[in-house]
Amino acid sequence: MCGIVGAVAERNITAILVEGLKRLEYRGYDSAGVAVYTNDKTLERMRRVGKVSELEAALAAQPLVGRLGIAHTRWATHGAPNERNAHPHFSGDIAVVHNGIIENHEVLRERLKAKGYVFTSDTDTEVIAHLLTEKLKAQPDLTIALKATVKELHGAYGLAVINAQQPDRLVAARSGSPLVIGLGLGENFLASDQLALRQVTDRFMYLEEGDIAEIRRDNVQIWDVSGQAVERQIVQYSDGAEAADKGEFRHYMLKEIHEQPTVVQRTLEGRLSQNQVLVQAFGPQAAELFAKVRNVQIVACGTSYHAGMVARYWLEELAGIPCQVEVASEFRYRKVVVQPDTLFVSISQSGETADTLAALRNAKELGFLGSLAICNVGISSLVRESDLTLLTQAGREIGVASTKAFTTQLVGLLLLTLSLGQVRGTLGEGVEATLVEELRRLPTRLGEALAMDSTVEKIAELFAEKNHTLFLGRGAQFPVAMEGALKLKEISYIHAEAYPAGELKHGPLALVDNDMPVVTVAPNNELLEKLKSNLQEVRARGGELIVFADEKAGMTNGEGTHVVQMPHIHDILSPILYTIPLQLLSYYVAVLKGTDVDQPRNLAKSVTVE
Ligand code: F6R
């Protein structure tokens, strides 16, 4: 999703801005631009549709040299992805970049047009630039004018602004879209994600909701939502663990798939005793809160939502706790009836997904017992705003399609299930000890599944000419099938749908013919025989079957049936294991199709707009 970079320094900052944009490329975008207050004392910009490399080439041909600038990667919301709509947007001496959505942009646009402002784009952002120019007429100080401007904006924004009349500073505002200030020596920076600035500094200050910041070369001032001057904590990063490189792998996605044994191991570290889950892993107040929990409401989006759906099976089966799961974009706008003593659980890789954050904020008004975030980013808004947190240790995920974030979320959710069951005394005899043991073995099992990489690569060839696919699963494998279908859609652009296998005969069977491959995950559980019957229904209609089956399930290759034998695993952990071959399948199909695997079209990594 959109990215922001800004800099005020004593040296030329254009290359820093462009490098920052490159580091944000993984988030997905469709155009890029930079505005620089040049050494000739003019405000100039360069914008290009497509990749940051195109902007870079344009800047090489026609350099912009200056010590103050802002830059942006845009993921289109209002207006087509063209150069006219790319940021920065200008109004007189003002340049603005913006992440988020201004909901009252139409009203503001009409008002500003009536005052004679001429709009050159279809974006909601341009109204901010003109509104600021209008405010500067009454109050010439840029920072004060920005404070007045944001009072009139409804919606979400992370904003960075420069003004050719006040080139000593960069100003910024945060409401609903993250911003971080990078602190240098005699130079300071701004970005929507600290990753963009790791090239220039390791010291960061995160803006909070409602903050306005004035960033000068040698000084940073911040005001909170009530207008009080505030200090924000400085966070220093000292390790190089976030280095972004693909190593021996062709794509980040493949690298991240193969990292899963390691990151699952890390997510378990320090959270298990000999035969129990350590409840305090969820925070010091977790045991007290968990003891009161009688229901769980899970809210998330996309892949994280699928993790929540798996957790529902676990929570009800193992801990006997009723659980509801809903996508955040629906939950946030629905009249929700909250059962007494319900724990609100949000799941998010980024912790900045706008719908999930809004759902959490609504939940706080609805009388939930408390909130827990299962999240991969410790400094995210979701973590800051939740009562309890379990951080997944997936490390940075660069591929837009989520892989290792999902499996580590599942691990976190199983730890939650066991913790709730332990505190409430609802787990069956020996269940916790058995599953703790199985969790310890999980990284090894995942490694075994990854060793099937080349087998899955071969299977992928079956999909090269196909346009549609069905994914089937039963029980907790149904969400795994949904996740498999989502991965295939996202990166190979093949239409894929997931069904609980028992639903096939209630409609989707009509689609099945020899052009419709059907992918199934078949662990060795009590639903296996029923699943086998469902698969016969597919074969009888000429559908080609690809079955990832437990080595003990007794399934073998046959005409039109390709069986990949999976290592045996405890049924409860099988959703984690069976995710692996589906990720590999999508990956290899996408490679065959020649798509942009790490940055699939139209998608963004962290969806910070509604
Ligand atoms: C799919 C994918 C998305 C995200 C969704 C939620 O591969 O990555 O569906 O899962 O946008 O994002 P987070 O987990 O950051 O809240």
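Numbering of ligands and ligand atoms starts at 1, following listing order. As the structure is a computational prediction, the values presented were derived from the model and not from experiment.
Of all protein heavy atoms, the one closest to atom 1 (C) of ligand 1 is E490 OE2, 2.8 Å. Scanning the protein heavy atoms around atom 11 (O) of ligand 1, the nearest turns out to be V607 CG2, 3.9 Å. The protein heavy-atom contact nearest to atom 15 (O) of ligand 1 is S350 OG, 2.7 Å. Residue, atom and distance of the protein heavy atom nearest to atom 12 (O) of ligand 1 are T353 OG1, 3.4 Å. The protein heavy atom nearest to atom 6 (C) of ligand 1 is C301 O, 3.4 Å. Here the heavy atom of the protein found nearest to atom 10 (O) of ligand 1 is T303 N, 3.1 Å.
Here the side chain of K364 pairs a donor or acceptor atom with the backbone of E385 at under 3.5 angstrom.
In this structure, CG on N99 lies 11.0 Å from CD on E352, to the nearest 0.5 angstrom.
With a 4.0 Å cut-off on non-hydrogen atoms, E352 does not touch ligand 1 at all.
Applying the 4.0 Å criterion to heavy atoms of S304 picks out, from ligand 1, the atoms 10 (O), 13 (P), 14 (O). Listed by atom number, the atoms of ligand 1 under 4.0 Å from S348 heavy atoms are 13 (P), 14 (O), 15 (O), 16 (O). Counting the atoms of ligand 1 from 1 in the order shown, those under 4.0 Å from a heavy atom of K487 are 1 (C), 7 (O). Residue-ligand proximity, A401 to ligand 1, at heavy-atom distances under 4.0 Å covers atoms 7 (O).
Remark: ligand 1 and Q409 share no N or O pair separated by less than 3.5 Å (distance only, no angle test). At a 3.5 angstrom cut-off on N or O pairs, T356 does not count as close to ligand 1.
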Problem set entry | Derivation of the side chain to side chain contact (heavy atoms under 4.5 Å, CB included) call for K255 and D598 | CA-CA 11 Å; K255 176 179 176 237; D598 285 331; over 6 Å; no
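With a 6.0 Å cutoff to the six-membered ring centre and a 45° limit on the axis angle, R601 counts as a cation-pi contact of Y493.
Within the 4.0 Å heavy-atom cutoff, T403 does not count among the residues contacting ligand 1.
Ring-plane geometry between H468 and H495 is classed as perpendicular, the angle between the planes exceeding 60 degrees on a 0 to 90 degree scale with a lower cut at 30. Between F331 and F344, the angle of the ring planes lies from 30° to 60°, which puts this pair in the tilted group.
No hydrogens or angles considered: nothing links the side chains of T73 and E25 as a donor-acceptor pair under 3.5 Å. Of the N and O atoms on the side chains of T303 and E483, at least one donor lies less than 3.5 Å from an acceptor on the other residue.
A centroid separation of 6.0 Å or more is found between the aromatic rings of F406 and H306.
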